[in-house]
Student: 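Just dropping this structure here.
Just so we're clear, the structure is a prediction, and the values are computed from it rather than from any experiment. For the numbers below, each heavy atom of this structure counts, side chains included, while hydrogens, waters and symmetry mates do not.
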Amino acid sequence: MTDQIIHLQGLKGSKHDCSKCSIQLLCLPAALNADEFDKLNSIVQKRRPLKRGSLLFTIGQKQSCIYVAREGAFKSVVYNSDGDSHVTGFHLPGEILGLDALGSSYHTCDAMALTLADVCEIPLADLERVASHVPGLQHQLLKIIGQSINRDQKHIELLSNRNAHARMAMFLHQLAERFKMLGRSGDRFMIPMSRDDIGSYLGLVIETVSRTLSKMQDDGLIAVNGREVQILNYKRLRWLAHEAPSQRTA
């Protein structure tokens with residue numbers, strides 16, 4: 001009930017000015033000219049912050065909006081027939097949430113805040129209306145959808161063809177690159193997700209996650225202090241993530 005209240009009360013007339021947003025170059029307005037930017041900005045609304053563990057949307061909920069993460073982080077979660085959860089993705093500032101429902105109009109996963117988080121909310125009906133008159137926005141939406149599909153394909157490849165060491169290297173390298181896009185350090189950063197969440201996403205048990213991180217630290221690739229990770233050998237990490245021969249996890 002609490003999450004439903006958060007979802008229903010979040011808008012309440014709060015508007016957001018994209019031109020003053022620190023992540024404007026990472027989300028929908030990035031490829032638009034000034035006039036197109038203003039048209040999109042007129043429909044963007046800012047929700048109140050979500051607490052850690054709050055749900056932005058849930059499986060089976062009818063889609064009404066897409067969302068842009070402004071601050072904090074989210075995870076996407078699905079469940080099997082036994083009720084066990086599986087993390088299918090993580091979302092950082094500037095990234096879009098809600099694309100899962102574009103095909104059926106109903107969400108196929110839960111989106112849960114990993115930290116205190118802010119999002120911009122874009123009503124789907126308004127977005128469709130504006131996009132029909134703004135070719136630049138149509139192009140950007142197709143680009144974002146394509147990027148989402150590519151991430152899903154890479155995740156499937158990661159789970160099927162790589163051992164635990166390579167999976168962790170790819171995960172950390174991708175996080176570093178995403179933090180760089182935010183204008184933050186890609187060499188030292190805090191990971192917002194738990195080791196259990198990382199294991200669920202990478203198809204590893206939590207003991208393997210901890211053991212793999214310890215081995216990478218012993219090898220001089222990274223230094224780990226709680227949830228803070230410092231990359232000590234970026235070149236080697238990138239090679240392990242993308243160029244090392246694929247091996248299946250035993």
Student: I'd like to know if the side chain of Q230 reaches the main chain of I222, judged simply by a donor and an acceptor atom lying under 3.5 Å from each other, with no hydrogens or angles considered.
Tutor: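 Here the side-chain-to-backbone pair does not exist.
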
Student: Counting N and O atoms only, with roles assigned by atom type, does the side chain of T208 sit under 3.5 Å from a partner on the main chain of L204, one being a donor and the other an acceptor?
Tutor: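 Checking the backbone N and O of L204 against the side chain of T208, no donor-acceptor pair under 3.5 Å is found.
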
Student: Is the side chain of N163 donor-acceptor paired with the backbone N or O of A166 at a distance under 3.5 Å, no angle test?
Tutor: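 Yes, because the side chain of N163 sits within donor-acceptor range (under 3.5 Å) of the backbone of A166.
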
Student: Which atoms form the tightest heavy-atom contact between R167 and L202, and what is the distance?
Tutor: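 Of all heavy-atom pairs spanning R167 and L202, the closest is NH1-O, 2.7 Å.
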
Student: So, for T115 and P192, which heavy atoms are closest and what is the spacing to 0.1 Å?
Tutor: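 Taking T115 first and P192 second, the nearest heavy atoms are CG2-CB, 4.0 Å.
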
Student: Do side-chain atoms of D100 reach the backbone of T108 as a donor and acceptor pair under 3.5 angstrom?
Tutor: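 Yes, D100 side chain to T108 backbone: donor-acceptor pair under 3.5 Å.
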
Student: Linking I/L/V/M/F/W/Y whenever any side-chain heavy atoms sit under 4.5 Å apart, do L99 and V78 land together?
Tutor: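 The answer is no; the residues belong to distinct hydrophobic clusters.
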
Student: Are any of the side-chain heavy atoms of H173 and I231 separated by less than 4.5 Å?
Tutor: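 No - every pair of side-chain heavy atoms lies 4.5 Å or more apart.
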
Student: Nearest 0.5 angstrom please: E228 CD to R188 CZ, how far?
Tutor: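 The CZ atom of R188 is 5.0 Å from CD of E228, to the nearest 0.5 Å.
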
Student: Determine whether Q174 and M170 make a side-chain contact, defined as any pair of heavy atoms from C-beta on separated by less than 4.5 Å.
Tutor: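 They are in side-chain contact.
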
Student: Please check: side-chain N/O of R184 versus main-chain N/O of F189, any donor-acceptor pairing under 3.5 Å?
Tutor: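 No: the side chain of R184 does not pair with the backbone of F189.
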
Student: Tell me whether V224 is reachable from Y201 by hopping between hydrophobic residues (I, L, V, M, F, W, Y) whose side-chain heavy atoms are closer than 4.5 Å.
Tutor: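 Per the 4.5 Å side-chain linkage, Y201 and V224 are co-clustered.
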
Student: Between S54 (side chain) and L50 (backbone), is there a donor-acceptor pair under 3.5 Å?
Tutor: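 Answer holds: no.
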
Student: Which heavy atom of L97 sits nearest a heavy atom of L56, and at what distance?
Tutor: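 Residues L97 and L56, closest heavy atoms: CD2-CD2, 4.1 Å.
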
Student: Say whether W239 and L221 are linked into one hydrophobic cluster, either directly or through other cluster members, by side-chain heavy-atom distances under 4.5 angstrom.
Tutor: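 Yes, it is one cluster - the side chains of W239 and L221 are joined through contacts under 4.5 Å.
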
Student: Measuring from L124:CG to K62:NZ, what's the distance to the nearest 0.5 Å?
Tutor: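 Output value for this atom pair is 9.5 Å.
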
Student: Just how far is it from atom CG of L55 to atom CZ of F74, taken to the nearest 0.5 Å?
Tutor: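 If we round to the nearest 0.5 Å, L55:CG and F74:CZ are 10.0 Å apart.
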
Student: Is the shortest side-chain heavy-atom distance between V119 and V68 below 4.5 Å?
Tutor: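 Not in contact.
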
Student: Inspect the surroundings of OH in Y79 and state if more than 12 heavy atoms from other residues, nucleotides or ligands are less than 6.0 Å away.
Tutor: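 More than 12 heavy atoms, drawn from other residues, nucleotides or ligands, come within 6.0 Å of this atom.
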
Student: Kindly write out the residues that satisfy salt bridge (charged side-chain N to carboxylate O under 4.0 Å, His left out) with R52, not counting sequence neighbours, or none if the list is empty.
Tutor: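 Here no residue qualifies.
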
Student: Considering residues at least two apart in sequence or located in another chain, which fulfil the side chain to side chain donor-acceptor pair (under 3.5 Å) criterion with S194?
Tutor: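 Here the qualifying residues are D197.
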
Student: Minimum heavy-atom separation for D110 and I59, please, with both atom names.
Tutor: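 Closest pair (atom of D110, atom of I59, distance): OD1-N, 2.8 Å.
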
Student: Name the orientation class of the two ring planes belonging to H107 and F57 (parallel below 30°, tilted from 30 to 60°, perpendicular beyond 60°).
Tutor: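 Judged by the thresholds at 30° and 60°, the geometry between H107 and F57 is parallel.
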
Student: Is there a path of hydrophobic side-chain contacts, each under 4.5 Å between heavy atoms of I/L/V/M/F/W/Y residues, joining L240 to L232?
Tutor: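 L232 and L240: separate clusters.
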
Student: Assigning hydrophobic clusters by single linkage (Ile, Leu, Val, Met, Phe, Trp, Tyr; side-chain heavy-atom cutoff under 4.5 Å), is L175 placed with Y234?
Tutor: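 Result: yes, single cluster for both.
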
Student: Cut-off 3.5 Å, no hydrogens considered: what does the side-chain donor-acceptor table look like for residues 84-93, sequence neighbours left out?
Tutor:
from, atom 1, to, atom 2, distance (Å)
H86, ND1, S200, O, 3.1
T88, OG1, S76, O, 3.4
H91, NE2, S76, OG, 2.6

Student: Quick one: closest heavy-atom pair of K51 and L116, and the distance?
Tutor: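 Heavy atoms of K51 and L116 come nearest at CA-CD1, 4.2 Å.
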
Student: Given the rule in the salt bridge (charged side-chain N to carboxylate O under 4.0 Å, His left out) test, do R129 and D126 qualify, once you have shown the distances and angles that lead to the verdict?
Tutor: CA-CA 5 Å; R129 173 177 51 79; D126 291 337; 3.5 Å; yes

Student: To the nearest 0.5 Å, what is the distance between CD1 on I198 and CD1 on I206?
Tutor: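 Output value for this atom pair is 9.0 Å.
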
Student: Can you give me the closest heavy-atom contact between R70 and C120, atom names plus distance?
Tutor: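 In terms of heavy atoms, the two residues are closest at CD-SG, 2.9 Å.
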
